[in-house]
Structure formats: C-alpha cells, structure tokens
Chemist: 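Please read through the structure below; I'll follow up with questions.
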Amino acid sequence: MFSHLPPVILASQSPRRHQILSQLPIPFKVVPSTFPEDLEKGDPKNYVLETAKAKGLQVLQDNPGHLIISMDTVAVLDNEILEKPLDLEDARLMLSKLSGKTHQVLTGCWIMTNDKKVSWVTETSVEFMKLSPETLDWYLSTKDWEGKAASYGYQSKGGVLVESLQGCAYNIIGFPLHDFFQHLKQF
C-alpha cells in the first residue's frame with residue numbers, strides 16, 4: 001500500500017513511537033532529532049506543532065529525499081503545558097495536579113518531504129482518578145513516570161491512573177495511529 005513512498009525516517013527516539021509505527025507495513029529507520037525543544041510555551045496546540053515541525057525540518061535537512069515523520073506530545077491542564085518531568089518531585093507535583101481532573105493530551109504531527117508537508121494536532125481528553133497518597137507513592141516508586149509527558153505512561157503502569165478517556169488511546173502514548181494513517185495517504 002505504501003511501496004511508492006520515499007525512504008521513511010521516524011524523527012524520534014521514543015521506543016513507543018517506534019513500536020506503534022512498526023505495526024504498519026512501512027519500512028523505516030530512526031533518526032532522532034537533536035532539536036533542543038526550547039520554544040516559547042504559548043498556545044499548547046501551536047507549541048506541539050512548532051516543536052514537531054522543528055524536529056522534522058532538522059532531520060529533513062540532513063536527509064533530503066526522505067519522508068520524515070515527526071511528533072511532539074504534551075499534556076495540558078488548565079492551559080498549562082506538562083512535559084516530561086525533570087525529577088521525582090516534579091513528577092509528584094504534576095501527578096498531584098492531574099489527580100481527579102480531566103486533562104488533554106496533544107500530539108503535534110508532521111509528515112514531510114522536500115516537496116510536501118502535512119501537519120495536524122490530535123487531542124485526547126483523559127480523566128484521572130483521585131490519587132490517594134499511597135497510590136501516588138506506589139506509582140512514583142515504579143519509575144514508570146520517567147521520560148513521559150505529564151509523568152505517566154498510559155501503556156504501562158500509569159494506565160491504572162486513568163479513569164476514562166475520550167479520543168485516540170494511541171495519542172496518549174505519543175503516536176495517533178489512525179490520524180497518521182489517514183494523513184499518510186496524501187503522499
């Protein structure tokens with residue numbers, strides 16, 4: 001189905017994105033972006049789109065003639081962007097803020113070649129359970145929060161913290177598979 005595509009590069013070091021993309025019949029290689037992800041945090045949707053764009057353009061510049069897939073995922077609570085925690089206490093603070101509330105997970109996505117660029121944002125609403133001190137301490141002790149936006153991994157132990165969701169579950173993991181598949185058909 002996608003045999004006509006130029007060589008594909010996933011511009012991400014995320015093992016979860018690699019695993020999800022591997023479900024499709026698309027040969028690809030991984031070339032992580034070295035973009036520092038230090039853009040101004042204004043509007044959350046604009047932030048994830050611009051960060052994903054910068055990652056993709058940086059990889060495309062070094063790999064002309066390829067199709068680049070780049071993404072950036074954040075959680076947003078009350079218009080505050082929650083990225084990956086800096087340390088244990090940052091994770092505790094984020095999870096405490098999310099406790100008993102609904103937040104949004106946004107993934108800014110780009111598929112690009114030298115000649116064509118397509119972008120979109122996928123949004124999923126996630127309702128967190130009310131976290132008891134014991135549950136919070138247990139989850140933090142698992143270290144499952146490390147390297148994950150908003151300090152939780154929905155696809156692993158952090159899934160127990162999620163009461164319900166509305167939208168794409170794959171988006172919470174950082175790769176909105178359905179939307180990606182639909183947009184890839186444009187290439």
Side-chain angles (χ1 to χ4, degrees), residues 8-24 26 28-63 66-87 90-91 94-95 97-98 103-113 116-126 144-156 158 162 165 167-184 186-187:
V8 176
I9 293 176
L10 176 61
S12 174
Q13 61 187 2
S14 165
R16 294 164 296 279
R17 287 192 180 117
H18 180 278
Q19 181 181 26
I20 293 169
L21 182 56
S22 295
Q23 295 179 44
L24 297 178
I26 302 170
F28 69 95
K29 67 179 181 177
V30 173
V31 178
S33 169
T34 57
F35 179 73
E37 299 188 40
D38 58 359
L39 296 176
E40 178 85 20
K41 290 179 180 68
D43 174 68
K45 288 182 180 179
N46 188 56
Y47 175 75
V48 292
L49 265 182
E50 290 302 312
T51 300
K53 179 181 180 182
K55 290 176 182 181
L57 288 174
Q58 185 264 319
V59 172
L60 182 61
Q61 180 180 348
D62 296 338
N63 298 276
H66 286 71
L67 183 142
I68 309 298
I69 301 163
S70 60
M71 299 181 181
D72 189 61
T73 302
V74 298
V76 180
L77 178 66
D78 300 328
N79 215 36
E80 178 186 355
I81 295 173
L82 304 175
E83 294 187 280
K84 296 172 187 167
L86 302 173
D87 54 28
D90 194 31
M94 280 188 212
L95 292 168
K97 287 179 182 180
L98 294 171
H103 64 280
Q104 286 66 48
V105 175
L106 305 175
T107 300
C109 307
W110 282 83
I111 304 172
M112 59 179 74
T113 64
K116 185 172 188 173
K117 294 170 180 54
V118 175
S119 65
W120 71 96
V121 174
T122 299
E123 182 172 345
T124 303
S125 291
V126 181
D144 187 58
W145 54 269
E146 292 180 339
K148 296 185 179 85
S151 304
Y152 72 96
Y154 174 75
Q155 72 284 0
S156 51
V162 175
L165 62 91
C168 176
Y170 280 105
N171 186 48
I172 303 170
I173 305 169
F175 196 114
L177 187 59
H178 173 77
D179 290 352
F180 170 77
F181 184 77
Q182 297 304 318
H183 285 90
L184 187 61
Q186 297 177 43
F187 285 83

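All residue numbers in this chain count up from 1 along the given sequence. Everything quoted here is computed from the prediction, not taken from an experiment.
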Chemist: Just jot down the side chain to side chain contact (heavy atoms under 4.5 Å, CB included) partners of Asn79, sequence neighbours excluded, or say none.
Modeler: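 Only Pro44 meet the side chain to side chain contact (heavy atoms under 4.5 Å, CB included) criterion with Asn79.
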Chemist: Are Asp72 and Tyr47 side-chain neighbours, meaning at least one heavy-atom pair lies under 4.5 Å?
Modeler: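 Answer yes - side chains close enough.
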Chemist: According to side-chain hydrogen bond (donor to acceptor under 3.5 Å, both in side chains), who are the partners of His66, at least two apart in sequence or on a separate chain?
Modeler: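 Not a single residue meets the side-chain hydrogen bond (donor to acceptor under 3.5 Å, both in side chains) criterion with His66.
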Chemist: Can you list the residues that meet the side-chain hydrogen bond (donor to acceptor under 3.5 Å, both in side chains) rule with Arg16, with sequence neighbours excluded?
Modeler: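 If we apply the side-chain hydrogen bond (donor to acceptor under 3.5 Å, both in side chains) test to Arg16, skipping adjacent residues, there are no hits.
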Chemist: Applying salt bridge (Lys or Arg N to Asp or Glu O under 4.0 Å), name anything that partners Lys45, two or more places apart in sequence or on another chain.
Modeler: Glu123
Chemist: Test side-chain contact (heavy atoms from CB on, under 4.5 Å) on Trp120 and Gln182; report intermediate values, then the result.
Modeler: CA-CA 11 Å; Trp120 71 96; Gln182 297 304 318; over 6 Å; no
Chemist: Check whether any side-chain heavy atom of Gln61 sits under 4.5 Å from a side-chain heavy atom of Gln58, and report yes or no.
Modeler: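 Answer no - side chains too far apart.
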Chemist: Tell me, please, which residues at least two apart from Gln19 pass side-chain hydrogen bond (donor to acceptor under 3.5 Å, both in side chains).
Modeler: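 Partners of Gln19 by the side-chain hydrogen bond (donor to acceptor under 3.5 Å, both in side chains) criterion come out as none, since no residue qualifies.
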Chemist: Taking only residues two or more places apart in sequence or in another chain, which ones pass salt bridge (Lys or Arg N to Asp or Glu O under 4.0 Å) with Lys97?
Modeler: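 In terms of salt bridge (Lys or Arg N to Asp or Glu O under 4.0 Å), with neighbours along the sequence ignored, Lys97 is linked to Glu80.
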Chemist: Test of understanding: with side-chain hydrogen bond (donor to acceptor under 3.5 Å, both in side chains), list the residues that count as partners of Thr107, not counting sequence neighbours.
Modeler: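 Result, side-chain hydrogen bond (donor to acceptor under 3.5 Å, both in side chains) vs Thr107: Thr73, Asn171.
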Chemist: Is atom CD of Gln13 surrounded by more than 12 heavy atoms (other residues, nucleotides or ligands) closer than 6.0 Å?
Modeler: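 No - once you tally the heavy atoms of other residues, nucleotides and ligands closer than 6.0 Å, there are 12 at most.
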Chemist: What pairs with Ala11 under side chain to side chain contact (heavy atoms under 4.5 Å, CB included), at least two apart in sequence or on another chain?
Modeler: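 Here the qualifying residues are Val59, Ile68, Ser70.
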Chemist: What residues, two or more places apart in sequence or in another chain, satisfy side chain to side chain contact (heavy atoms under 4.5 Å, CB included) together with Asn46?
Modeler: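 Side chain to side chain contact (heavy atoms under 4.5 Å, CB included) list for Asn46, sorted by chain: Asp43, Glu50.
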Chemist: In Å, rounded to the nearest 0.5 Å, how long is the span from CD1 of Ile26 to CG of Leu67?
Modeler: 8.5 Å
Chemist: I want to check something: taking the side chain as every heavy atom from C-beta on, are Met94 and Tyr152 in contact at a cut-off of under 4.5 Å?
Modeler: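 The answer is no, as the side chains (C-beta and beyond) never meet within the 4.5 Å cut-off.
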Chemist: Quick check: are there more than 12 heavy atoms from other residues, nucleotides or ligands sitting under 6.0 Å from NZ of Lys116?
Modeler: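 Enclosed.
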Chemist: Just to verify, what does Lys148 make a salt bridge (Lys or Arg N to Asp or Glu O under 4.0 Å) with, not counting sequence neighbours?
Modeler: Asp144
Chemist: Using the side chain to side chain contact (heavy atoms under 4.5 Å, CB included) criterion, which residues pair with Ser12? Sequence neighbours excluded.
Modeler: Leu10, Ser14, Arg17
Chemist: Mind listing the side-chain donor-acceptor pairs of residues 173-181 below 3.5 Å, one per line with the distance, residues two or more places apart or on another chain?
Modeler:
{"residue": "Asp179", "atom": "OD2", "partner": "Thr122", "partner atom": "OG1", "Å": "2.6"}

